[in-house]
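Just so it is clear: chains get the letters A, B, ... in the order the sequence lines come, proteins before strands, and each one is counted from 1.
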2 protein chains.
Amino acid sequence: MITMKQIAERTGVSVSTVSLVLNGRDKGRVKSEIARKVRNTAKTLGYRPNPMARSLRTSKTGMLGFISQEVATTPYAGAIIQGAQDAAAERGYVLLTVSTDGGVREAEQIQALKRYGVDGFLFAKMYDQDVDLPQALRSCPAVVVNAVERADRCPSIAPDEFLIGYDATRHLIESGCRRVAYLGTTQDLPAQEDRMRGYQAALKEAGLPAGQSLIRLVGFNQDAMDQANDLMDDQHPDGVFCFNDSRSIYLYQAAAARHLSIGRDLNLVGVDNHQVIAETMAPPLSTIELPHYEMGFWAVRRLLAQINPRRVALPLPETRAVLPPLDQAGGVRIHCALIRKGSTRLDAASAPASTSR
Amino acid sequence: MITMKQIAERTGVSVSTVSLVLNGRDKGRVKSEIARKVRNTAKTLGYRPNPMARSLRTSKTGMLGFISQEVATTPYAGAIIQGAQDAAAERGYVLLTVSTDGGVREAEQIQALKRYGVDGFLFAKMYDQDVDLPQALRSCPAVVVNAVERADRCPSIAPDEFLIGYDATRHLIESGCRRVAYLGTTQDLPAQEDRMRGYQAALKEAGLPAGQSLIRLVGFNQDAMDQANDLMDDQHPDGVFCFNDSRSIYLYQAAAARHLSIGRDLNLVGVDNHQVIAETMAPPLSTIELPHYEMGFWAVRRLLAQINPRRVALPLPETRAVLPPLDQAGGVRIHCALIRKGSTRLDAASAPASTSR
DNA sequence: TTGAAAGCGCTAACAT
DNA sequence: ATGTTAGCGCTTTCAA
């Protein structure tokens, strides 16, 4: 590892000059001739600053703490981390990741991250829920990922659950479905409520029937199977929006038993909770993929904007893809829109106002 | 953050004394009276060393670089990271994670990790394969995770694929199956070959039929469905070991079409590649869970042993659980054994000699 | 416009 | 047995 000292010696100047130049603070303070020389030798020697040494003076490490819960038990951690990483790398930041069970260990881990001098925190959950930012994080730059901070103590990046339900239902309607059912979950999740409201809003807007009997909240196994069968016999839906695609498996079975062909007699859209279903069931099932990668990505951008306000905001990417019509959509993964909260900057370019929380 | 200097002032000694005491190097160099005092004030003040400052002198940061590929696309990253994290936390280490696509960016990311002074590297893959340790890592302490280093340039921790096939097949045999088939994959993976050999070894050992026609390598969708149907009609297996559980879905359908009940007429064991199948199909399907958490965990322990040989080795956990018989095994997740390579210490207590690579 | 010097928190060689 | 000093790589006054 080559140091400023070496550059200074090689160029015949002092370390402070090198520091000035290499930090871009040389305008009008260092002769441009010298500055050029310094930059040159730095380049040829392949100089890279030592972030540790730097942090000793600046108390900025270029590291972000990524705290996640339930990491080991869900398949989404990778995508969130990847997104976070990409946004971090863009700005030369790096991720210090810890995962906790939310207990005592959490406080310990946060302390550890603080000792290492991280410049800010990502607090990620593995499914959308309402959370309280841990006490130890309240006074630090932080962003909540894939969840919503209850008291708005910091910005949150979460999926737009309402829009998911709305989009999925519009998708079915535009594909010609007229009796659209909703297969939801009995679990008490914000996502359940909001997706259902999106579903209802889309039906209402289209002037289609939206009776309670088109809505079934189910668990797993026999219960789910029974309800899927009942839904088919009772309502004869021609489209079903499934809370997630592991629910859709029951509809496959129910449909098969009635000699109905999925993709022709019955269309399905499910929020992807496991790739394998789409992989094996494709093409008739359309899946909506939760924007895990994007949440990680935007959370970091949001956090960096908070840490380093002077820097120019990076452009916003497209946040909402148009759903392709069903007949060519088989198994296609669809990115849905994001909610962004707590940031005037980001809100400006944000997804259409939608919802609830 | 409270510093050594403050402790020194408070106790009325010099910083070096504090350093000696707090690093446990005070035996015979510092009067125990003073040492006690120092330790006391450190404790009451809640002193925690600043790893950055320390690293400036020692070039040991207490950080490990975790490099992973294909992180975003598989559901296993979380578990591996979690395991790595737990083993790291145990020793006060922390993980600096980056993910790469294996291209130019990889070298860059590795450089970044080096600048941050990580003490060693984990190089993780998301499915078992043969890899070459990146050039930039060859001269550093490193451990390959969920893959095997081709030239044995560093230790590797990977699933024991042979044992997986062997265990799964034994499981079926012990549950009473006599015609055990194998539903493998057409993909060219080390795991495919090795699991199949394990399967064959178990059949041979038990003196059961092991003809080639009991073995079907399949892809997805129609091909898989056709082969599953053909297997059923042609061979009438009473047990099937599936390369992974997303394959087993075809057997469910084939069995249903023949009014055979899975769990009674036909037993299945599949290597878990997605929890949802087990969740929705349970109980008749037994899944074997790949030891992702354990691999992460052991990789870090292995790496730390390499970095810090003087420390006492931590005890080895049980690496291989006994499979419960099928009638009470519905949906149970079974941890399989691990291969550990490149470490005499760990090899001593390793899983039964098994295999191949 | 440049350099010398101090100091971030810590460790380690060298004096007492 | 303890303190003094130097220095890790860098930033930042402060002088020149």
Side-chain angles (χ1 to χ4, degrees), chain A residues 1-39 41-42 45-63 92 111-112 114-119 308, chain B residues 1-39 41-42 45-63 92 111-112 114-119 308:
Chain A
M1 286 295 117
I2 138 110
T3 77
M4 280 194 176
K5 194 175 172 188
Q6 300 178 45
I7 297 183
E9 283 164 1
R10 197 87 131 65
T11 325
V13 294
S14 78
V15 205
S16 12
T17 307
V18 175
S19 176
L20 280 180
V21 172
L22 262 29
N23 286 319
R25 315 169 159 290
D26 58 316
K27 244 330 183 27
R29 337 233 283 95
V30 177
K31 221 186 328 188
S32 63
E33 169 65 6
I34 300 221
R36 213 182 40 69
K37 255 204 218 162
V38 169
R39 267 187 268 270
T41 57
L45 260 46
Y47 170 78
R48 308 258 54 196
N50 178 330
M52 297 308 146
R54 172 179 286 175
S55 80
L56 223 46
R57 288 294 305 198
T58 60
S59 30
K60 298 236 155 276
T61 52
M63 301 192 297
Q111 283 317 312
K114 282 188 173 176
R115 287 212 313 279
Y116 276 94
V118 296
D119 299 337
N308 205 344
Chain B
M1 284 296 116
I2 138 112
T3 76
M4 280 193 174
K5 194 177 172 188
Q6 300 178 44
I7 297 182
E9 283 164 0
R10 197 85 133 68
T11 327
V13 293
S14 77
V15 204
S16 17
T17 307
V18 175
S19 175
L20 280 179
V21 172
L22 262 29
N23 286 320
R25 314 169 159 292
D26 58 315
K27 240 339 182 18
R29 338 237 277 96
V30 177
K31 220 188 323 189
S32 63
E33 170 66 7
I34 300 223
R36 212 182 39 71
K37 255 205 216 158
V38 168
R39 268 186 267 270
T41 57
L45 259 43
Y47 170 79
R48 309 258 54 195
N50 178 331
M52 297 308 147
R54 172 180 286 174
S55 80
L56 223 47
R57 288 296 305 197
T58 59
S59 30
K60 298 236 154 275
T61 52
M63 302 191 295
Q111 283 316 313
K114 282 187 173 176
R115 288 211 311 280
Y116 277 93
V118 296
D119 299 338
N308 205 343

How would nucleotides 6-16 of chain D be written as a contact map, 5' to 3', with B for base contact, S for sugar-phosphate-only contact and - for no contact, using protein heavy atoms under 4.0 Å? -BBBBBB----

Just by modelled atom types, is the A/Thr61 backbone N or O under 3.5 Å from a matching donor or acceptor in the A/Tyr116 side chain? no

side-chain contact (heavy atoms from CB on, under 4.5 Å) between B/Ile2 and B/Arg10, worked out: CA-CA 12 Å; B/Ile2 138 112; B/Arg10 197 85 133 68; over 6 Å; no

Would you confirm whether A/Thr41, through its side chain, and A/Thr11, through its main-chain N or O, come within 3.5 Å as a donor-acceptor pair? no

Whole-Å gap separating P (C/dA12) and NZ (B/Lys60): 12 Å

Within the supplied structure, the quantity of interest is the number of heavy atoms (other residues, nucleotides, ligands) at a distance under 6.0 Å from B/Lys114 NZ; does it exceed 12? yes

Rounded to the nearest 0.5 Å, how far apart are CD of A/Gln111 and CE of B/Met1? 5.5 Å

Classify the side-chain pair B/Ser19/B/Ser16 by whether it contains a donor and acceptor separated by less than 3.5 Å. no

Taken to the nearest whole Å, CG/B/Asp26 to P/D/dG3 is 14 Å

If I take atom CD in residue B/Glu9 and atom P in nucleotide D/dG3, what distance separates them, rounded to the nearest angstrom? 13 Å

How large an angle, rounded to 10°, do the end axes of the helix from C/dT1-D/dA16 to C/dT16-D/dA1 enclose when each is built from five base pairs? 60°

Starting from P on C/dT2, measure out to NZ on A/Lys31 and report it in whole angstrom. 5 Å

Roughly how far, to the nearest 0.5 Å, is the CZ atom of B/Arg48 from the CG atom of B/Leu22? 10.0 Å

Taking atom CZ of A/Arg39 as the centre, report whether more than 12 heavy atoms of other residues, nucleotides or ligands fall under 6.0 Å from it. yes

